[in-house]
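Accompanying notes for the structure given below.
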Amino acid sequence: MRLLFTSKGKNWDDQIDPRFGRTEFFFIYDEEKDEVNVFDNREIGNVAHGAGPQTVQKMTEFNVNVLITGNGPGGNAAQVISQTGIEVYVGASNMTIKEAYETYKNGNLQKV
């Protein structure tokens with residue numbers, strides 16, 4: 001299982017970015033390989049319109065199964081994600097990535 005967290009940093013102890021479309025980083029954890037990869041997404045902050053769908057496009061390149069975020073993707077991004085088969089979980093605002101992962105594993109995040 002490959003999980004993607006919207007993140008404000010590059011480490012397990014960094015905060016979840018509650019935004020999806022303009023998240024600063026993608027923190028990707030491959031459970032099978034016990035491997036972390038981080039993608040810098042900060043350039044999306046310069047995009048005037050369509051940040052959400054553009055972020056979805058980038059996210060799909062990483063072949064993830066699960067997205068964990070704070071507030072969830074907006075309407076346009078949510079529509080595009082629904083076509084990918086990626087499961088979306090929200091409610092991880094104010095958590096570190098590690099806390100969000102543990103909360104997800106315990107079944108305590110809201111599936112969209």
Side-chain angles (χ1 to χ4, degrees):
M1 182 81 64
R2 290 176 54 87
L3 300 98
L4 185 147
F5 300 83
T6 59
S7 170
K8 291 188 175 189
K10 301 177 181 182
N11 300 298
W12 282 104
D13 292 327
D14 288 323
Q15 291 291 306
I16 289 289
D17 193 330
R19 306 166 300 171
F20 171 74
R22 297 187 188 279
T23 186
E24 294 181 33
F25 296 94
F26 293 138
F27 183 96
I28 302 160
Y29 177 56
D30 187 322
E31 289 182 311
E32 293 171 11
K33 296 179 181 177
D34 191 27
E35 180 179 278
V36 170
N37 289 293
V38 178
F39 176 80
D40 188 332
N41 193 52
R42 290 178 287 189
E43 71 181 39
I44 200 74
N46 299 324
V47 173
H49 302 286
Q54 288 182 45
T55 299
V56 174
Q57 184 176 5
K58 287 182 186 176
M59 178 179 71
T60 59
E61 295 172 8
F62 299 113
N63 298 316
V64 298
N65 310 98
V66 173
L67 163 65
I68 297 174
T69 187
N71 300 327
N76 291 336
Q79 274 188 321
V80 177
I81 291 173
S82 71
Q83 299 170 5
T84 67
I86 296 171
E87 294 181 6
V88 178
Y89 291 85
V90 298
S93 295
N94 302 315
M95 294 183 190
T96 65
I97 298 167
K98 184 176 184 179
E99 290 168 337
Y101 178 67
E102 291 168 358
T103 303
Y104 163 76
K105 292 303 279 184
N106 290 329
N108 294 322
L109 290 179
Q110 178 185 351
K111 185 175 181 182
V112 176

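Just so we're clear, the structure is a prediction, and the values are computed from it rather than from any experiment.
The backbone N or O of Arg2 sits less than 3.5 Å from a side-chain atom of Asn65, completing a donor-acceptor pair.
Taking Phe25 as the reference, nothing meets the ring-ring contact (aromatic ring centres under 6.0 Å, His included) condition, with sequence neighbours excluded. Listed by chain and number, the residues in a side-chain hydrogen bond (donor to acceptor under 3.5 Å, both in side chains) with Asp34 are Tyr29 (sequence neighbours excluded). By the side-chain hydrogen bond (donor to acceptor under 3.5 Å, both in side chains) test, Tyr101 is found to be paired with Glu31, residues two or more places apart in sequence or in another chain being considered. Qualifying side-chain hydrogen bond (donor to acceptor under 3.5 Å, both in side chains) partners for Asn106, counting only residues two or more places apart in sequence or in other chains: none.
Rounded to the nearest 0.5 angstrom, Leu4 CG and Asn63 CG are separated by 11.5 Å. Rounding to the nearest 0.5 angstrom, the gap separating the NZ atom in Lys58 from the CD atom in Glu43 is 4.0 Å.
Applying the side chain to side chain donor-acceptor pair (under 3.5 Å) rule to pairs touching residues 76-86 yields nothing, sequence neighbours excluded. Applying the ring pair (Phe, Tyr, Trp, His ring centres under 6.0 Å) rule to pairs touching residues 52-92 yields Phe26-Phe62, Phe39-Phe62, Tyr89-Tyr104, sequence neighbours excluded.
Across every non-hydrogen atom of Ile86 and Met59, the tightest pair is CD1-CE, 3.6 Å. In terms of heavy atoms, Asp14 sits closest to Lys10 at OD2-N, 2.8 Å. Considering all non-hydrogen atoms of both residues, Ile97 and Asn11 come closest at CD1-O, 3.3 Å. Residues Gly70 and Thr6 approach most closely at N-OG1, 4.1 Å, considering heavy atoms. For Val56 against Ala77, the heavy-atom pair with the smallest separation is CG2-O, 3.7 Å.
If you chain together hydrophobic residues whose side chains sit under 4.5 Å apart, Met95 and Val38 fall into the same group. Transitive grouping of hydrophobic side chains (ILVMFWY, heavy atoms separated by less than 4.5 Å) brings Leu3 and Ile16 into a common cluster.
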Kindly determine whether Phe20 and Leu67 satisfy side-chain contact (heavy atoms from CB on, under 4.5 Å), including the steps that lead there.
CA-CA 9 Å; Phe20 171 74; Leu67 163 65; 3.6 Å; yes
Before giving the answer on side-chain contact (heavy atoms from CB on, under 4.5 Å), spell out for Thr96 and Trp12 the whole-Å C-alpha distance, their side-chain angles and the decisive distance to 0.1 Å.
CA-CA 7 Å; Thr96 65; Trp12 282 104; over 6 Å; no
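Thr23 is not listed as a side-chain neighbour of Thr69, based on a closest heavy-atom distance of 4.5 Å or more.
With a 6.0 Å radius and a threshold of 12 heavy atoms from other residues, nucleotides or ligands, Glu32 has its CD atom at or below the threshold. Counting non-hydrogen atoms of neighbouring residues, nucleotides and ligands closer than 6.0 angstrom, the CD atom of Gln57 reaches no more than 12 such neighbours.
When Val112, Leu109, Ile68 are each tested for a side-chain contact (heavy atoms from CB on, under 4.5 Å) with Val90, only one passes: Val112.
A salt bridge between Lys8 and Asp17 is absent, with no side-chain N of the basic residue lying under 4.0 Å from a carboxylate O of the acidic one.
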